[in-house]
Visitor: 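Structure in structure tokens, see below.
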Amino acid sequence: YTTLTGPTELLPVSTKVKVTYGGTSVEKSQNVATTPHFLFNTGKVTSSTCTKYRYGFGSYMTFTDPMELLAVSTKFSDVNGPDILTTPISGNTVNVVCN
């Protein structure tokens, strides 16, 4: 992989791009000739009870209310658990309650 830090001109062929954000990553492959812009969606998550979040079986990270996270399946928890599974929704706010 090559790190892209801003607008980059790509060859007009099928290209794979990976974005890492908030502790996880999402990879997309598309034909740059027909769809020149890569779009990676995020959603706002709020919670007054959750203190940590993680992806899959990864390590917990500190949750700070509110957070903008990639729109992928995410586990939230408080100090006592259990995990609450939700997916941030692009352009919307999801409130998660951990008990």
Side-chain angles (χ1 to χ4, degrees):
Y1 287 97
T2 299
T3 300
L4 305 175
T5 57
T8 302
E9 192 167 334
L10 301 170
L11 293 172
V13 296
S14 184
T15 303
K16 189 181 292 186
V17 173
K18 177 179 171 182
V19 66
T20 300
Y21 179 79
T24 194
S25 60
V26 174
E27 191 172 89
K28 284 188 178 184
S29 181
Q30 65 191 46
N31 187 325
V32 178
T34 57
T35 311
H37 297 94
F38 284 84
L39 180 63
F40 293 91
N41 296 314
T42 62
K44 186 175 183 179
V45 178
T46 61
S47 179
S48 60
T49 56
C50 299
T51 58
K52 55 189 177 178
Y53 72 102
R54 68 183 179 146
Y55 300 100
F57 294 101
S59 299
Y60 281 106
M61 294 168 279
T62 301
F63 178 80
T64 53
D65 181 50
M67 288 187 82
E68 192 80 18
L69 298 171
L70 284 169
V72 297
S73 183
T74 309
K75 297 173 184 176
F76 296 86
S77 184
D78 61 9
V79 175
N80 300 315
D83 286 340
I84 305 298
L85 184 64
T86 194
T87 300
I89 300 169
S90 177
N92 289 312
T93 300
V94 175
N95 184 53
V96 181
V97 178
C98 294
N99 291 329

Visitor: Give, for atom NZ of K28 and atom OG1 of T15, the distance between the pair rounded to the nearest 0.5 Å.
Guide: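 One gets 14.0 Å once the value is rounded to the nearest 0.5 Å.
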Visitor: What about Y21 and F63, same hydrophobic cluster or not, with Ile/Leu/Val/Met/Phe/Trp/Tyr joined at side-chain heavy-atom distances under 4.5 Å?
Guide: yes
Visitor: Within 45° of the axis and under 6.0 Å from the centre of the six-membered ring of Y60, does NZ or CZ of K75 qualify?
Guide: no
Visitor: Please name the pair of heavy atoms, one in V72 and one in T24, separated by the smallest distance, quoted to 0.1 Å.
Guide: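 Reported closest heavy-atom pair: CG2-CG2, 4.0 Å.
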Visitor: Can a side-chain donor-acceptor contact be found between D78 and T51 if the only test is distance below 3.5 angstrom?
Guide: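 No, D78 and T51 have no side-chain donor paired with an acceptor closer than 3.5 Å.
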Visitor: Atom OG in S48, atom CG in N95: separation rounded to 0.5 Å?
Guide: 6.5 Å
Visitor: Please report the closest heavy-atom contact between V32 and F38, naming both atoms and the distance.
Guide: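 The pair with the smallest heavy-atom distance is CG2-CE1, 4.1 Å.
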Visitor: Do Q30 side-chain atoms and H37 backbone N/O form a donor-acceptor pair below 3.5 Å?
Guide: yes
Visitor: Give, for atom CG of N80 and atom CG of N99, the distance between the pair rounded to the nearest 0.5 Å.
Guide: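 The CG atom of N80 sits 10.0 Å away from the CG atom of N99.
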Visitor: Check G23 against M61 and note the closest heavy-atom contact, atom names and distance.
Guide: CA-SD, 3.7 Å
Visitor: Rounded at 0.5 Å granularity, tell me how far NZ in K52 sits from OG1 in T62.
Guide: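 Taking NZ in K52 and OG1 in T62, the distance rounds to 9.5 Å.
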Visitor: Tell me, do L85 and S73 make a side-chain contact under 4.5 Å, heavy atoms counted?
Guide: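 Counting from C-beta outward, L85 and S73 do come under 4.5 Å.
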Visitor: With heavy-atom distances below 4.5 Å as the criterion, would you say the side chains of F76 and L69 are in contact?
Guide: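 SC-SC contact between F76 and L69 confirmed.
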Visitor: Please report the closest heavy-atom contact between S77 and D83, naming both atoms and the distance.
Guide: CB-OD1, 3.6 Å
Visitor: Quick check: closest heavy atoms across C50 and S47, and the distance to 0.1 Å?
Guide: N-OG, 2.9 Å
Visitor: At their closest point, which heavy atom of S90 faces which heavy atom of A71, and how far apart are they?
Guide: N-CB, 4.5 Å
Visitor: Do M67 and V97 sit in one hydrophobic cluster, given that two such residues count as connected whenever their side-chain heavy atoms are within less than 4.5 Å of each other, even indirectly?
Guide: no
